[in-house]
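If you read the sequence from its start, that first residue is 1, and numbering goes on from there.
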Amino acid sequence: MTVLAAGEVSPGLLGFVVVALIGLALYFLIKSMNKQMGRIAVPREDEDAR
């Protein structure tokens with residue numbers, strides 16, 4: 001069994017790709033959420049009085 005020092009272990013390319021994909025998915029989710037929030041019709045106070 002090989003024992004590695006703490007500085008010798010890194011996430012490598014796979015770790016970078018996973019984090020990049022999560023960031024990309026988050027970007028598109030936030031973009032979609034903002035579009036959906038813009039479609040919501042908020043009633044105004046003068047319309048509630050009717």
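The side-chain contact (heavy atoms from CB on, under 4.5 Å) check on M33 picks up M37, with sequence neighbours excluded. Partners of I30 according to the side-chain contact (heavy atoms from CB on, under 4.5 Å) rule, which considers only residues two or more places apart in sequence or in another chain, are L26, N34. Contacts of V18 classified as side-chain contact (heavy atoms from CB on, under 4.5 Å), with partners at least two apart in sequence or in another chain: L14, I22.
Grouping Ile, Leu, Val, Met, Phe, Trp and Tyr residues whose side-chain heavy atoms lie under 4.5 Å apart, directly or via other members, places L24 in a hydrophobic cluster with Y27, F28.
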